[in-house]
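In what follows, a single structure is set out as structure tokens and then discussed.
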Amino acid sequence: MMTRLTPDLIEGVPDDKLDLDSRLLKATGKTVKGIALEAADLPPDTDLSRFSASVVPITSGQGIISGFSDSVNAIVSRLDMRSAVTEGTDVLGFSQGVDAGSDIIMMADDRKFVAYNTRERKYTDNSWGTAKGYAVALKNAAGGLEGKQVLVVGAGYVGTWAVQFLRDMGADVSVTDIIYQKAVRLTEYGAKPIRDVAKAIEDHVLLLNAAPFIIPGELIAEGSIISSPGVPHYYDQLGRSKAQAIIHDPLEIGAAVMAVKSASYSIKEDE
Ligand code: 2YH
């Protein structure tokens, strides 16, 4: 299932009213930029100011989401890259981004959100960036994942990437999905499928929730750390009181990782 963002979900992102950096620092010891640099395998002091991005509004399918391009633009600017929303939309906007000499072009339709590196002719995808960012956030919040049991809830695009990243981080990964067969498919990546979604959640304290699933507080184990990209995002009061940390934002972590990973292709080529 692909969740479409809505204007109310991303309200506050352009002005950083959600104060994600403070919340992330508390939970993980890192800022969005810190998480994104680690996710892109770049050193924490990497200077990104020489990179420029264009964000192209896309009208196809269900059309423009009010505030989406402005939010992505603000997220990229907060990484210290130069960024602007193109005046034109769609193909015209893309050509304006290329003409402006942008290193990275960010654009999303209903099915795909990409950061395209114009120099290296490579793109990074939002499912990849979201899974990587939330896996890195979980790792930092947990003080490392080597040998630890982690549950991925949801075996969609983000969950599938998350399983692979968490395994690479040395975690012992289980996966659950209301469609059990989807979880079973991820044995291919070394994840253990669990049929009973509720029991799987009760039995784990380290969770990556990549499902459009609201976890009721009674299922959440005391002291849980929940890295939670899935939308709709809601945790009840009981869940919030039991969890040690719940990491979530509507757009920023995934988009920041995409942009930094995209820049990293050029940095790696320069070396
Ligand atoms: O929200 C979405 C899709 N669900 C992409 C999901 C990728 N994992 N797309 C945003 C659409 C933005 C719109 N076309 C605009 O304002 O440019």
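If you're wondering where the values come from, they're calculated on a predicted model, not measured in any experiment. Both counts, for ligands and for their atoms, begin at 1 and track the order of listing. Along the sequence shown, residues are numbered consecutively beginning with 1.
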Could you give the distance from CG (L138) to OG (S227), rounded to the nearest 0.5 Å?
-> 5.0 Å
Counting heavy atoms only, which of D110, L5, D109 is nearest atom 9 (N) of ligand 1?
-> D109
Which ligand 1 atoms does N126 reach within 4.0 Å, using its non-hydrogen atoms?
-> 8 (N)
Does R195 count as lying over the ring of Y180, i.e. NZ or CZ under 6.0 Å from the six-ring centre, within 45 degrees of the axis?
-> yes
With distance as the sole test, does K242 use its side chain to make a donor-acceptor pair with the main-chain N or O of I220 at under 3.5 Å?
-> yes
Could you point out which residue of S83, S102, S69 forms a side chain to side chain donor-acceptor pair (under 3.5 Å) with S54?
-> S102
Does any N or O atom in I65 lie less than 3.5 angstrom from one in ligand 1, N or O only?
-> yes
Does I58 reach ligand 1 with a nitrogen or oxygen that is under 3.5 Å from one of the ligand's nitrogen or oxygen atoms?
-> yes
Out of P57, G63, S60, whose heavy atom is nearest to atom 13 (C) of ligand 1?
-> G63
Counting both backbone and side chain atoms, is some N or O of S69 under 3.5 Å from an N or O of ligand 1?
-> no
Are K33 and D80 within salt-bridge range, i.e. N to O under 4.0 Å?
-> yes
Under the ring-ring contact (aromatic ring centres under 6.0 Å, His included) rule, what do W128 and F165 come out as? Steps first, then yes or no, please.
-> CA-CA 10 Å; W128 187 98; F165 298 138; 5.5 Å; yes
For ligand 1, indicate whether the residue T59 contacts it via side chain, backbone, both or neither (heavy-atom separation under 4.0 Å).
-> neither
F68 heavy atoms within 4.0 Å reach ligand 1 at atoms 10 (C), 12 (C), 15 (C), 16 (O)
